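Since the structure comes first, as structure tokens, the remarks are kept for the end.
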Number of protein chains: 2
Amino acid sequence: MPEFVFEGQTFQSPVELALHAIGGKWKMPILWRLNQRSWRYNELHRDLKRVSHKMLTQQLRELEEARLLTRTVHPVVPPHVDYTISALGRTALPAIEALRQWGLDYRATRDTAP
Amino acid sequence: MPEFVFEGQTFQSPVELALHAIGGKWKMPILWRLNQRSWRYNELHRDLKRVSHKMLTQQLRELEEARLLTRTVHPVVPPHVDYTISALGRTALPAIEALRQWGLDYRATRDTAP
DNA sequence: CAGGATCCTAGGCGATACTG
DNA sequence: CAGTATCGCCTAGGATCCTG
């Protein structure tokens, strides 16, 4: 089983790298919402109901550093910040969609499966 | 945004249900290895190098309860236990594969992307 | 409105020891 | 070999307050 080095970190496999980049409780739900249009901070905060202020900020920063989304500050008062998915972030959407579809299937078949 | 109830728990979306079932640091790597053949406990322990004894046991238990794998005990001394992916577990492999492939692509393009 | 800084605790997790 | 059980650390993350 080969090792897998990226950005100075060592992963056991591409799966672990992917989970590092978009795993965790909130990153996929965030990217998923950014499909189609930009969202503002408070919009995300309201829609991801159980996320805390601190967590949301942190996850957004990590996604930005991973270059999966773009943060745009409009210099107005009161502040106006848009989060937009990047081209790189878009490449993750099929994988997220696969997981989303599996979640649907899993719920549907989990209790009737052989 | 509709709610999504399963097994008494409330999720915001199918993505969150999927992450609940096979998210976390170890479950996908475990299921991924179980493709093709059965693995024994210590095999997994050695191969997932950084997993602790306790974590591995716990993750295997949860995957078993989610019906994604089957635990088979052979009544011999010393004990012999096989972990085999279930039919339901197999349905998750395409999604894991999508994530794995994305991990590869991400590493390849992350620093050259526009 | 967006988010930085601080404080603080529950519980996740590793380490270790023991068992059939 | 393949686990359970127990202890205790330590940090992830929630709550709260403050700012441009």
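In what follows, chains carry the letters A, B, and so on, assigned in the order in which the sequence lines appear, proteins first and then strands, with residues in each chain numbered from 1. Hydrogens, waters and symmetry mates are skipped; everything else that's a heavy atom, side chains included, is used. Just so we're clear, the structure is a prediction, and the values are computed from it rather than from any experiment.
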Going through the distances and angles, do B:Leu34 and B:Leu68 end up as a side chain to side chain contact (heavy atoms under 4.5 Å, CB included)?
CA-CA 10 Å; B:Leu34 292 188; B:Leu68 298 174; over 6 Å; no
Hey, is the main chain of A:Asp47 close enough, under 3.5 Å, to the side chain of B:Gln12 for a donor-acceptor pair?
yes
Per atom distances to the A:Pro78 side chain, the nearest of D:dG3, C:dC1, D:dC1 is C:dC1
Evaluate side chain to side chain contact (heavy atoms under 4.5 Å, CB included) for A:Lys25 paired with B:Leu19, printing each intermediate quantity in order.
CA-CA 7 Å; A:Lys25 214 168 171 178; B:Leu19 289 175; over 6 Å; no
Tell me if a side-chain donor or acceptor on A:Trp26 pairs with a main-chain N or O of A:Gln59 at a distance below 3.5 Å.
no
How long is the line joining NZ of A:Lys27 and C1' of D:dA12, in whole Å?
14 Å
Side chain of A:Pro79 (C-beta onward), nearest among C:dA2, D:dG3, C:dG3:
C:dA2
Report for the helix from C:dC1-D:dG20 to C:dG20-D:dC1: angle between first-end and last-end helix axes, five pairs each, rounded to 10 degrees.
50°
Quick check: do A:Leu93 and A:Ile85 have side-chain heavy atoms less than 4.5 Å from each other?
yes
Using OP1 and OP2 only, check whether a side-chain N or O of B:Arg40 sits under 4.0 Å from D:dC1.
no
When you compare the protein's N or O atoms with those of nucleotides 6-13 of chain C, which come within less than 3.5 Å of each other, and at what distance?
{"unit_1": "C:dC13", "atom_1": "N4", "unit_2": "B:Lys54", "atom_2": "NZ", "d": "3.3"}

Polar atom pairs (N or O), protein with nucleotides 17-19 of chain D, under 3.5 Å:
none

Side chain of A:Arg67, backbone of A:Ser86: donor and acceptor closer than 3.5 Å?
no
Is there a side-chain contact between A:Tyr83 and the phosphate of C:dG3, meaning an N or O under 4.0 Å from OP1 or OP2?
yes
Can you tell me the distance, in whole Å, between the CD atom of A:Glu62 and the C1' atom of D:dG13?
12 Å
From the list D:dT4, D:dC1, C:dC1, which nucleotide is the closest neighbour of the side chain of B:Arg61?
D:dT4
Whether the side chain of B:Tyr106 engages the backbone of A:Ala66 through a donor-acceptor N/O pair (distance < 3.5 Å, no angle test) should be reported.
yes
Under 4.0 Å, heavy atoms only, any strand: does A:Arg50 hit a base, just the sugar-phosphate, or nothing?
nothing
How long is the straight-line distance from CG of A:Leu60 back to OH of A:Tyr83, given to the nearest 0.5 Å?
4.5 Å
Please report, rounded to the nearest Å, how far the C1' atom of D:dT4 is from the CG atom of B:Leu56.
14 Å
Quickly work out the A:Leu60 CG to C:dC1 P distance and round it to whole Å.
17 Å
Check B:Val81 against B:Arg71 and note the closest heavy-atom contact, atom names and distance.
CG1-CG, 3.8 Å
Would you sort out whether A:Glu16 and A:Phe4 count as a side chain to side chain contact (heavy atoms under 4.5 Å, CB included), showing the intermediate values?
CA-CA 9 Å; A:Glu16 289 178 28; A:Phe4 197 86; over 6 Å; no
Take the angle between the ring planes of A:His80 and A:His74 and call it parallel below 30°, perpendicular above 60°, tilted in between.
perpendicular
Take atom CG of B:Asp82 and atom P of D:dC1, then tell me their distance rounded to the nearest Å.
14 Å
Does a side-chain N or O from B:Arg71 land closer than 4.0 Å to OP1 or OP2 of D:dA2, or not?
no
Measure CH2/A:Trp39 against C1'/C:dC1 and give the value in whole Å, please.
17 Å
Between CG of B:Leu44 and P of D:dA2 the distance, given in whole Å, is 10 Å
With the side chain counted from C-beta on, respond yes when B:Gln58 and B:Arg61 share a heavy-atom pair under 4.5 Å apart, and no when they do not.
no
